[in-house]
Amino acid sequence: MAMAAAPVLKNWRTTLERVEKFVSPRYFTDCNLRGRLFGESCPVAALSSFLTPERLPYQEAVQQDFRPAQVGDSFGPTWWTCWFRVELTIPEAWVGREVHLRWESDGEGLVWRDGEPVQGLTKEGEKISYILTDRLEAGDPRSLTLYVEVACNGLLGAGKGNMIAAPDPEKMFQVSRAELATFHRDVYKLLVDLELLLGIAKGLGEDNQRSFQALYTANQIVNVCDPAQPETFPVAQDLASRFFGQRGGDSQHTIHATGHCHIDTAWLWPYKETVRKCARSWVTAVQLMERNPEFIFACSQAQQLQWVKNHYPGLHARLQEFACRGQFVPVGGTWVEMDGNLPSGEAMVRQFLQGQNFFLQEFGKMCSQFWLPDTFGYSAQLPQIMRSCGITHFLTQKLSWNLVNSFPHHTFFWEGLDGSRVLVHFPPGDSYGMEGSVEEVLKTVTKNRDKGRTNHSAFLFGFGDGGGGPTQTMVDRLTRLCNTDGLPRVQLSSPARLFSALESDSGQLCTWVGELFLELHNGTYTTHAQIKKGNRECERILHDVELLSSLALARNVLFLYPAAQLQDLWRLLLLNQFHDVVTGSCIQLVAEEAMCHYEDIRSHGNTLLSAAAAALCAGEPGPEGLLIVNTLPWNRTEVLALPRPGGAHSLVSSPFRETIAEGAVGNQFVLFDDVPLYWDAWDVMDYHLETRKPVLGQAGTLAVGTEGGVRGSAWFLLQISPNSRLSQEVVLDVGCPYVRFHTEVHWHEAHKFLKVEFPARVRSPQATYEIQFGHLQRPTHYNTSWDWARFEVWAHRWMDLSEHGFGLALLNDCKYGASVRGNVLSLSLLRAPKAPDATADMGRHEFTYALMPHKGSLQDAGVIRAAYSLNFPLLVLPTPGPAPSTSWSAFSVSSPAVVLETVKKAETSPQRHTLVLRLYEAHGSHVDCWLHTSLPVQEAVLCDLLERRDPAGYLPLRDARLKLTFSPFQVRSLLLVLQPPSTYTP
């Protein structure tokens, strides 16, 4: 009979390291437990490959000419694809064993079996084997053929030298392992337990009783477990089970662990590669759902699901099946995880409209959680937009990236610009890519800033950004930790269960009012100026197409509203508003694709405008002419300039008091050094302000363009540097309240930042910036760390600095970066980062900004309308027949505080001639107003942003007018059912 070993003193460090070496994949693998994870192995029977620059469908790829290949062969270059035919013969002696295909490559792989994708194989995502059989039975076939599709890129692209460097176009790839092996499941389970015990010992530390219990249990397992003798494993497993079976108390914090796989829709790889990333990641998640009935996987971004539906219909059907079981949970409700700052209010609405309708159609219900874990800040109008799209809960974690201030909450109510409130949760582990370690579980509790207010937290696990997703090991770790003394309770759970628990105990939660500003990545408001310009232009084009098409629908019985085309164009625009595309933080390949999308929208949009114009002018007698359309709901003061000999056109105003600060210069171009700490395209650092260098003009470079009449203009050249130059026309029009600066820049710089400054003769502690459907104030001083962390902010079409009785507004047609420090208004024009796109912003740029001095408040002076006029010029459209001989107005609004933002056809309505109107209160006031229309309205009813009728929202029509009531910055939508045009004569 064996004698038990006598107790001995133990040294913490040596005991800990003893256990670490026992499970190490690097040390002592000849005799430790890790070295026994796989047993016997044999090479694959045959390996052959086919290399292609295309991303081919499976059926086409398998018919190509495959040539013999060997492990270690190189293939590439970057963005190509190598298909491998893998022929397998399982040895007869392996009957009764679990058999894996072991495959290791530095490219992203996808296993195909019997014509369907079955699992991703990505070394970076810890997916390096595919289970051929859990247990080889005597009657099972011994030979089979698999295909492995290997993309010539890694999980995070193919950066040359570091992750965010521009891709290396010549990078080559290889398969370093391709073999069959038996797998020892009992060894695997012991390894999971020992890693968790080590994690508990380290995480709880040397001063904790439970920590020592974990370490001593692990040490005893090493004592009793002989890796070469599997018959010793059950005793070791009993020791582990005894430890993990000791339960925590009722007060334990509950962690809701949800599988997740954040996939950037494009970033360090092109859109088309994302399609395959989705397949690789989600088919692996399906495999986990099959093997683990309690495992729940949350998935956002309708666009990605649409791609999978188109390219992998079998996988899409499986996702629908698991959605019915409650294991696959669509979240977010948007078309993509869009940027939270730059898209217009209407574009944000369309993200939800397209997304929620897709989720309803494909998965039977809409999402109830907004999901934006990786976006660079969140507009103060998002709570209102969310609530009107059927969403009351919001999850993100990005504010944990704040450079200066730690955000004070992880669970709180967020109150938006109009007073709408949503419940927000930031996973306290500050990540959406957890791996199920004890360290992460403990961090989720210890870092929680709302201890005592709530006892539930989210834990999102799975490799992310470039996809990959959860692994079986992650699931097993979290399952083992379900209820163990010394640790929080861990449940495999869903976002709905988490928020339900948070809701039920929300009485003590605090409220955050206003924007959720990310104190980082504020260079993204400026990087890739051409993308920003394309975004603004295409938002305008789609607005105009919808308006004209709606009027044509109302007036011409033969006109067919281009709903399908508009949906396609909107989806392209929404795709480009993904948070690494419109922000400019993507590789050159993606930027080029984005510009192609904008060109498609421009081209097709102009075609649709012409069709609507023709329909509006149908039936007018006479030769062809021009249709002039004011797409804004108020009278315009400018005179339209039509090209004709000898004439100039338009309007002028002059300042009514000194606008520029005494002794200062307006329209001052300034150049800054712009070298961030790491995130080149993303970040502009506070210290860039210390490198300010005014760009000085040369004598004799100013020329007068136009004198007298209704327009005055001057033109000048400015050499910014030896490599970059600028030309500008400054235009004053009679009757126009602002001075326009038409600017052309030839920009060839490295790590420089160009801005233009206007020092105002105005004193105010805060400046006002336009955001989606409204505006907000930010400080002009650096009193606190929260103030100076906002040294570079974002705005849409205008910013304003006002004191009592006077102010100065700076308008723009395609810029977003801005700041006001003291009395200086600064508009950010161009950056020159070199990663991840070494060519970002190089070349020619055109843009316009405008300066508007004003009496009184910005609201009373008409700053908001002026900025709309700059961004929505009068439409002049040639028509195949004559334009209408008289003017007519479709809509007008009685209050200057209310903006009619959108007119479109309803997405789905039993009546074909139903329009949706979207209006918002823009001044920050309670107001009643009348909406006048000349269209033949049969019925008017309020609806939400998803165009669902408000049962109590019927609006009586009186004298072609509808009365509407608004609170500050409220957005209202209404459905107008029209008489068909056959019974209507304008």
Side-chain angles (χ1 to χ4, degrees), residues 23 34 37 98 100 111 118-131 134 155 183-200 237 240-241 244-245 254-263 280-299 318-319 321-323 325-329 331 427 429 431-444 457-464 467-484 487-498:
V23 299
R34 176 77 61 182
L37 184 59
E98 181 173 335
H100 289 206
V111 184
V118 288
Q119 188 193 296
L121 281 174
T122 306
K123 192 172 182 179
E124 297 159 289
E126 295 184 5
K127 297 173 183 69
I128 53 174
S129 74
Y130 167 64
I131 302 175
D134 292 326
L155 264 186
F183 182 78
H184 296 147
R185 184 63 55 179
D186 48 2
V187 171
Y188 163 81
K189 289 179 179 178
L190 267 178
L191 286 170
V192 169
D193 283 347
L194 282 166
E195 286 173 344
L196 292 174
L197 289 167
L198 276 171
I200 294 168
Q237 287 166 344
S241 294
F244 289 111
T254 299
I255 286 177
H256 295 255
T258 304
H260 185 49
C261 177
H262 179 64
I263 303 178
R280 292 189 284 261
S281 304
W282 296 350
V283 76
T284 308
V286 164
Q287 185 188 69
L288 288 175
M289 287 184 263
E290 287 173 331
R291 291 178 170 270
N292 307 273
E294 300 302 310
F295 169 67
I296 292 172
F297 182 77
C299 181
R318 298 301 314 277
L319 296 177
E321 176 189 332
F322 281 101
R325 297 187 197 175
Q327 286 183 264
F328 182 80
V329 180
V331 291
S431 172
Y432 48 74
M434 299 291 205
E435 297 179 26
S437 72
V438 172
E439 180 186 5
E440 294 165 337
V441 167
L442 290 172
K443 181 182 177 184
T444 297
S457 295
F459 186 100
L460 306 181
F461 66 96
F463 290 102
T471 66
Q472 183 63 54
T473 303
M474 295 177 194
V475 175
D476 291 338
R477 288 171 186 155
L478 293 164
T479 304
R480 190 59 149 161
L481 296 177
C482 66
N483 188 355
T484 293
L487 298 178
R489 192 176 285 113
V490 179
Q491 298 177 356
L492 295 182
S493 184
S494 68
R497 264 185 254 160
L498 165 73

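Since the structure is predicted, the reported quantities are computational estimates derived from the model, not experimental observations.
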Donor-acceptor contact present, side-chain Arg489 to main-chain Thr254, <3.5 Å: no

Qualifying residues under salt bridge (charged side-chain N to carboxylate O under 4.0 Å, His left out), relative to Arg480, sequence neighbours excluded: Asp193

Residue pair Thr444 / Pro427, side-chain heavy-atom distance below 4.5 Å: no

Minimum-distance pair of heavy atoms, taken over all atoms of Pro488 and Leu442: CD-CD2, 4.4 Å

Donor-acceptor pair between Gln237 and Asp186 side chains, under 3.5 angstrom: no

Rounded distance (nearest 0.5 Å) linking atom SG of Cys299 with atom CG of Leu319: 7.0 Å

Nearest-0.5 Å distance, CD1 of residue Ile200 to CG of residue Leu481: 6.0 Å

Expected output: side-chain Thr484 to main-chain Leu487 donor-acceptor under 3.5 Å: no

By salt bridge (charged side-chain N to carboxylate O under 4.0 Å, His left out) - contacts of Arg477 (at least two apart): Glu195

Check: Ser431 side chain, Gly433 main-chain N or O, donor-acceptor pair, under 3.5 Å: yes

Flag side-chain contact, heavy atom, 4.5 Å: His262 against Phe463: no

Pairwise distance CZ(Arg34) to CG(Leu191) - rounded to 0.5 angstrom: 4.5 Å

Taking every non-hydrogen atom, the tightest pair across Cys261 and Gly469: SG-N, 3.4 Å

Side chain to side chain contact (heavy atoms under 4.5 Å, CB included) between Val331 and Val329, worked out: CA-CA 6 Å; Val331 291; Val329 180; 4.1 Å; yes

Separation between CG of Leu198 and CD of Glu439, rounded to the nearest 0.5 Å: 12.5 Å

Donor-acceptor contact present, side-chain Lys127 to main-chain Gly468, <3.5 Å: yes

Counterpart residues, salt bridge (charged side-chain N to carboxylate O under 4.0 Å, His left out), relative to Glu294 (two or more places apart): none

Met289 CE to Phe295 CZ distance, which is reported to the nearest 0.5 Å: 6.0 Å

Ser493 backbone acceptor or donor facing Thr258 side chain under 3.5 Å: yes

Test side chain to side chain donor-acceptor pair (under 3.5 Å) applied to Gln327 - qualifying residues, sequence neighbours left out: none

Set of side chain to side chain donor-acceptor pair (under 3.5 Å) partners for Gln287, sequence neighbours left out: Gln119

Gap separating the CD1 atom of Ile255 from the OG atom of Ser457, nearest 0.5 angstrom: 6.5 Å

Side-chain heavy-atom pair Leu288, Gln472 within 4.5 angstrom cut-off: yes

Atom of Pro495, atom of Ala298 and distance for their closest heavy-atom approach: CG-CB, 4.1 Å

Residue of the set His256, Gln491, Met434 for which side-chain contact (heavy atoms from CB on, under 4.5 Å) holds with Phe459: Met434

Derivation and outcome, side chain to side chain contact (heavy atoms under 4.5 Å, CB included), residues Phe328 and Val286: CA-CA 8 Å; Phe328 182 80; Val286 164; over 6 Å; no

Aromatic plane relationship, His100 with Phe183 - under 30° parallel, 30 to 60° tilted, over 60° perpendicular: parallel

Step-by-step side chain to side chain contact (heavy atoms under 4.5 Å, CB included) determination, Phe297 to Phe322: CA-CA 10 Å; Phe297 182 77; Phe322 281 101; over 6 Å; no

Closest non-hydrogen atom pair, Thr284 against Gly120: OG1-N, 2.9 Å

Listed partners of Lys443 passing salt bridge (charged side-chain N to carboxylate O under 4.0 Å, His left out), at least two apart: none

Intermediate values then yes/no, side chain to side chain contact (heavy atoms under 4.5 Å, CB included), Phe244 and Asn483: CA-CA 8 Å; Phe244 289 111; Asn483 188 355; over 6 Å; no

Taking every non-hydrogen atom, the tightest pair across Leu196 and Gly436: CD2-O, 4.3 Å

Pairing of Arg291 and Asp134 as salt bridge, 4.0 angstrom limit: yes

Flag, side chain of Thr471 to backbone of Met474, donor-acceptor distance under 3.5 Å: yes

Closest contact, heavy atoms only, Leu121 versus Tyr130: CD2-N, 4.2 Å

